[in-house]
Every structure is written in C-alpha cells, then in structure tokens.
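For reference, the structure discussed in these notes is given below.
Lettering of chains follows the sequences in order, A, B, ..., and the numbering in each one begins at 1. Nothing here was measured: the structure is a model prediction, and the numbers come from that model.
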Amino acid sequence: QQPVQSPQAVILREGEDAVINCSSSKALYSVHWYRQKHGEAPVFLMILLKGGEQKGHDKISASFNEKKQQSSLYLTASQLSYSGTYFCGTEKDTGTASKLTFGTGTRLQVTL
Amino acid sequence: ETGVTQSPTHLIKTRGQQVTLRCSSQSGHNTVSWYQQALGQGPQFIFQYYREEENGRGNFPPRFSGLQFPNYSSELNVNALELDDSALYLCASSSGTGYNEQFFGPGTRLTVL
C-alpha cells in the first residue's frame with residue numbers, strides 16, 4: 001500500500017522552514033527520502049533504518065517513528081535549490097529488502 | 001566514479017509493439033531496480049535484479065521482463081505495448097540487497113501512441 005505524504009504542496013519564502021510527513025499502514029524497516037526536480041531523476045537525500053541508523057545529507061534531517069510507521073523530513077533555512085517534489089519510499093520489514101514503495105509526493109516551492 | 005546511465009532518453013512506439021530500455025549501473029553496484037513513473041505520480045516498483053537474478057517483483061504483468069548482465073547492466077523489455085505504458089522509466093542501482101540508498105538514472109521517457 002502506498003504511503004501517504006502531507007502536505008501535498010507547500011510554498012515557502014527563502015529562509016523559512018518546512019516539515020514533510022510520510023505515513024504508512026504497514027510495518028516498516030526503512031524510509032528513504034528523495035527530491036525530484038521537474039524532468040530530472042530523483043536524488044537521494046536520506047535513509048532511516050529501524051533501530052535508529054541514518055545515512056544522508058548533513059544539512060537535511062529526518063525522524064522515523066517505528067511504532068507509528070511515520071517519518072518526517074525537516075528542511076531548515078530553505079534555499080531556492082530546495083524546490084522540487086519530495087518523495088518518501090518505504091521498505092517493509094520482510095527480512096530482505098526487495099522494493100521501495102513511493103509515496104504520493106509533496107511539491108515544495110521556495111520563492112524569494 | 002560513473003553514475004547511472006540510461007538509454008535511450010526518449011522513445012515513441014505504437015500500441016502492440018515491443019521496446020527494450022537499457023541501464024548501466026553505478027560503478028561498484030551489483031543491484032538494479034526498475035521503476036515506472038506516470039506523470040505527477042511517484043515511481044512504482046517493477047522489479048529488481050541482483051547478481052543476474054530477479055530479486056523481487058511489483059504488480060506488473062509478465063509482458064514486463066528484464067535481464068541483468070555479468071557487468072551488472074540491465075535491460076527492461078516490454079511486449080505488446082499499451083497506451084497506459086506511456087511513462088518515465090527509471091532504473092536505480094545500489095550495492096547489495098540490504099536497506100541501502102538507491103541512485104537513479106535520468107530515465108527513459110516512453111510514449112505509446
């Protein structure tokens with residue numbers, strides 16, 4: 001089942017903060033975050049693993065609530081380059097990683 | 001270090017035809033996953049190849065098939081094309097089948113008329 005992201009879209013002024021949420025109805029082992037600009041490939045931002053391990057960018061932070069099957073991506077002091085569509089991808093706890101199920105996407109626009 | 005590459009960039013086919021899309025994985029990566037992304041949607045998992053074997057498949061019919069070669073590059077084949085197959089096809093490479101980051105290629109835009 002596809003994870004649900006909120007909000008669907010957000011407009012920020014440069015320097016403002018934003019939070020993007022990702023919620024799943026399935027037990028998760030990991031959550032991946034990607035940013036995709038129009039006409040380009042998704043770019044890896046961060047992965048959060050069950051148990052607390054994280055891999056990703058220094059300037060982007062995220063949290064993973066394993067009990068609630070929810071993850072949040074925190075964008076602070078936004079820059080124009082942050083504009084794009086953000087997707088979370090989730091992996092179920094099946095013992096072996098096999099596929100990412102991507103969320104519905106959150107469109108972020110940063111303006112001057 | 002070479003990133004993930006895909007060919008061709010764009011492709012136009014007619015209904016009923018067959019198509020082959022190609023992907024070269026990032027250096028050092030032995031796993032390739034294929035995704036279909038319709039306009040305005042998130043990528044949908046088609047299948048994954050690990051060391052030349054299929055390692056997981058999404059909800060796509062058998063007319064979607066794939067291969068992985070000894071150098072870990074991969075092909076996606078789609079037979080009997082339908083209008084709904086029009087989409088951006090993305091491949092992503094990663095190291096192993098553990099819960100690792102996947103790096104995406106630029107994609108192939110397929111249009112079926």
Considering heavy atoms only, which positions within residues 37-44 of chain B lie below 4.5 Å of chain A?
-> B:Q37, B:Q41, B:G42, B:P43
Per-pair distances, 0.1 Å, donor-acceptor, side chain in residues 63-71 of chain B, under 3.5 Å, sequence neighbours excluded:
unit_1, atom_1, unit_2, atom_2, d
B:R63, NH1, B:N79, O, 3.2
B:R63, NH1, B:A80, O, 3.4
B:R63, NH1, B:D85, OD2, 2.8
B:R63, NH2, B:E82, OE1, 3.3
B:R63, NH2, B:D85, OD1, 3.0
B:R63, NH2, B:D85, OD2, 3.2
B:Q68, OE1, B:R51, N, 3.1
B:Q68, OE1, B:E52, N, 2.8
B:Q68, NE2, B:N30, O, 3.3
B:Q68, NE2, B:Y72, O, 3.2
B:N71, OD1, B:S73, N, 3.0
B:N71, OD1, B:S73, OG, 2.7

With only heavy atoms counted, which part of A:Q36 is less than 4.5 Å from chain B, the side chain, the backbone, both or neither?
-> side chain
Between CD of B:Q102 and NE2 of A:H32, what distance do you get to the nearest 0.5 Å?
-> 6.5 Å
Enclosure of A:D17 CG (heavy-atom neighbours >12, cutoff 6.0 Å) = yes
ILVMFWY network linking A:Y82 to A:L12, side-chain heavy atoms under 4.5 angstrom = yes
Go through the steps to decide whether A:Y34 and B:F104 satisfy the test ring-ring contact (aromatic ring centres under 6.0 Å, His included), and finish with yes or no.
-> CA-CA 10 Å; A:Y34 288 83; B:F104 283 83; 5.3 Å; yes
Side-chain donor/acceptor pairs under 3.5 Å, residues 105-113 of chain B, sequence neighbours excluded:
unit_1, atom_1, unit_2, atom_2, d
B:T108, OG1, B:P8, O, 2.5

Transitive ILVMFWY side-chain link A:L80 to A:I60, under 4.5 Å | yes
Given the options B:F103, B:Y50, B:Y35, which has more heavy-atom pairs under 4.5 Å with chain A than any of the others?
-> B:Y35
Consider only side-chain heavy atoms of I, L, V, M, F, W and Y, link residues closer than 4.5 Å, and tell whether A:V4 and A:I20 are in one cluster.
-> no
CG of A:L100 to CD of B:Q48, rounded to nearest 0.5 Å, is 9.0 Å
Would you mind listing every disulfide bond (SG atoms under 2.5 Å apart) that reaches into residues 46-75 of chain B, with sequence neighbours excluded?
-> none
Neighbour count above 12 (heavy atom, 6.0 Å) for A:K37 NZ | yes
